[in-house]
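One-based numbering, in listed order, for ligands and for the atoms of each.
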Amino acid sequence: MAVPGYQWASLLLLVGMILQSTTLAVGSSSPRLRLSHKELWHLNRTWAFDSPQGPLSPRTMLLDEHEERLFVGVRDGLFSLSLERVNSKHREISWASTAGQVDDCLMKGREKAECANYVKVLHQYNRTHLLACGTGAFDPICAFVNVGRWAEDGLFQLETSHIKGSRGRCPFDPNSSCTSVFSKGQLYVGLYTDYWENDAALCRYGDASFTRTEQNHRQQLNEPKFVGSVIIPDNDDPDDDKVYFFFTEKAADTEDGNSAVYSRIGRVCANDVGGQRMLVNKWTSFTKTRLVCSVPGSDGMSTHFDELVDVFVLKRKDEKKPEIFGLFSTTSNIFKGYAVCVYSMDEVRAAFNGPYAHKERPDHHWAAFQGRVPFPRPGSCASQMNGGQFSSSREYPDEVLRFIRTHPVMFQPVQPVHHRPILIRTDAEQRFTQIAVDRVEAEDGHYDVLFIGTDNSVVLKVITIHNKETNTIEEVVLEELHVFKVPVPITEILISSKRQRLFVSSELGVAQVRVHQCRLYGAACADCCLARDPYCAWDGVTCSRYLPAGISMKRRVRRQDVRHGNAIQQCNGMQINGGQLEKPEEKLVYGVEGNGTLLECSPRSLRANVVWLAQRGPDADEVKADDRVAQTPHGLLFLRLRRADSGVYLCQTEERGFIHTVARISLEVLEEERVEELLHQEGEAQHRAPCPLPGAPHSSTPRLWYKEFLQLIGYSNVHKVEEYCERVWCSNRGRKKLKSLNSKWKLSQAQERRGRTRVDHQRAPRHAPAT
Ligand SMILES: *[C@@H]1O[C@H](CO)[C@@H](O)[C@H](O)[C@H]1NC(C)=O
Ligand SMILES: *[C@@H]1O[C@H](CO)[C@@H](O)[C@H](O)[C@H]1NC(C)=O
Ligand SMILES: *[C@@H]1O[C@H](CO)[C@@H](O)[C@H](O)[C@H]1NC(C)=O
Ligand SMILES: *[C@@H]1O[C@H](CO)[C@@H](O)[C@H](O)[C@H]1NC(C)=O
């Protein structure tokens, strides 16, 4: 039988660790709430889809909010999942390479795991079909998937006629970086097009034409790693639409000869079909520049976060002006840090419309090009913007093509908003792998909620608040969600705003996670305000989803203060309708003299400072830690109890100036001999027959009794207690006896009590009720 509660030995061991972790946990980058995988499940906050036939290995996901499906490209197949519940009513396509293809792959010296068909490219092709491309056992392959016009059709079928010439649309290697975007019948893709990964390219595939970067043109691409891509209109003329690619690459010629890494934003015209005599099937509009994400140091030296890890483009109502969120890491081997920088399209366009970078001779420095720039401006599209003189890139003058070929780099980098990261992590115990962003309307403005995926299954939910006066940025980690059962890197995060959910993938599968669970913060106004979650507001009764005025039908009393979390101001006089704070949990705990005990109290908020008070008469004094008493995140730990420790203890939390008594615990310290004596007496009285255990010990009531009893004797003598309890549980009579034993105890102790108040024996749930 497992022993619930804490055992003495492990307790002692814990103390050191716990004391250490408290000092770490109060930092600003620590989450306010931490939810384990188990808790997320119990709270019905998450559902997961995984395959019974081993790891799913999702390589790409496609969200169709309209038809409420999530398409997932995996090893040797595709899944269509329900947005309502990913693990119900899924449909599956098996798309494995043939035995012959696998043999060929193995013959080339590849591993078995690599010689499968990993679907890495997946797009909505038209109203009825998806375009899917996989690695095809090191021989890329594309096909259409018929999903029908409506989700109700239930169609999910691979068209048998594969698309010819699929190479160049998907990499050969399942681990190879690759990014793609699809629009108006054109597939734009950044990838390594060949088996040996020598040829990196940005490509466009239309029905009958294609365009790409030049081969072995190191000024265009130099060993890139592709991170993301997006199509953004420049104006109302679709001919001016630009495709932006995000990637990192080796700096072609650094001044000091170091092999530095640059993060890049590159762009082409969506309608670029290449030149007529020169640059045939090559971009006539490709330019790129650096994405800067650095922190100015006090000594004038900046810390650079050079390596783009992931990018998220936050769409706005104005399609021309999305916001770009970049997740960066340092390239240093010694110091691993992460940062998030935000870029505005104004800054991006200013860089591309600015001067071209120019080098007079190879040994010269880069400078802004001062000479005459040909017309139409190199990098601009064949559109009305150029006076409509050119209906296609094929009509561009040679001079323009020659210029862009030699000047693909812009001189100005793109600087982030506020000229610094909005989030920095330098003490990272975990690596950041993914970012997704949701814009949320709140009472005091809008907030960008960042969801950051790590390499250990965690998704952090973070807001950052810019203070204009001090030009500082406050980072508020609202929640730390452990999405998968075991630590694995998060490989993708998609947001469904409509469903208020995340879809998170890792090697293990796909999990859906609700972006908010307001009730978790507690029902009181103060609990809700302290949470500072822009999704949540106190509605007069409880903490619930905040909806901007106009959306919510009747505007009730609403309290929310994301910017300051000022519960004192917001919740003054809000003690109506059950809005008052939860009553302190009241408990009676027994301890044995000379033994240890733990007064449990762990507030949900990790940001709350806990103060323990000992009530003596009308006054309450703070409990001082010493070699006998230690404060731990789980509660107040007595290492050796004395009779004089008996009394009432208050567990008080303080967060942002708001003070709240969470628990009121009465501690009774008993003399050791008397416990032994009683145990002995009662033990004798019972017959020694082995306990038949008719399921009773596993039901919840006896377990509580058991735990109480363990506590009663201060965790010592565990075997004796176990033996005793088993006997007691055998019969109702026994249980009654235990009860009477308990009350006998209370009676015998009553005389010694120094006018203490009666304490309820009930246990309040440790966690707030779930929604
Ligand atoms: C989760 O859902 C199940 C069934 O849908 C329900 O019985 C259970 O009470 C829910 N749990 C919570 C914490 O809401
Ligand atoms: C991809 O990379 C990972 C980690 O580097 C490695 O474990 C795996 O075998 C590689 N290949 C495939 C097919 O995933
Ligand atoms: C979508 O494209 C597929 C493949 O080319 C084609 O068979 C299908 O008819 C198209 N559907 C529509 C609605 O255009
Ligand atoms: C706790 O009490 C038991 C007897 O009930 C005793 O054997 C043990 O030594 C005590 N532990 C400590 C740490 O005093």
Practice task
Before signing off on this row, confirm whether T128 and ligand 3 have an N or O atom pair separated by under 3.5 Å.
Solution key: yes
Practice task
Identify which one of V147, L158, D64 satisfies the side chain to side chain contact (heavy atoms under 4.5 Å, CB included) criterion when paired with L130.
Solution key: V147
Practice task
Kindly confirm or rule out an N or O of N126 lying under 3.5 angstrom from an N or O of ligand 3.
Solution key: yes
Problem - For Y125, atoms of ligand 3 separated by under 4.0 Å from a heavy atom - result: 2 (O), 5 (O)
Exercise for the section: Could you check atom 9 (O) of ligand 3 against the protein and tell me its nearest heavy-atom contact, residue, atom and distance included? Expected result: H129 CE1, 4.6 Å
Exercise for the section: Mark up the atoms of ligand 1 that fall under 4.0 Å of a heavy atom belonging to H42, in ascending order. Expected result: 11 (N), 12 (C), 13 (C)
Practice task
Start with the C-alpha gap between S506 and T491, add the side-chain angles, then the distance that decides, and say whether side-chain hydrogen bond (donor to acceptor under 3.5 Å, both in side chains) holds.
Solution key: CA-CA 5 Å; S506 77; T491 50; 5.9 Å; no
Handout entry: Heavy-atom pair with the smallest gap, counting every atom of A96 and D76
Key = CA-OD1, 3.5 Å
Handout entry: Electrostatic pair R127:E67 at N-O distance under 4.0 angstrom
Key = yes
Exercise for the section: Would you sort out whether S209 and D207 count as a side-chain hydrogen bond (donor to acceptor under 3.5 Å, both in side chains), showing the intermediate values? Expected result: CA-CA 6 Å; S209 70; D207 287 335; over 6 Å; no
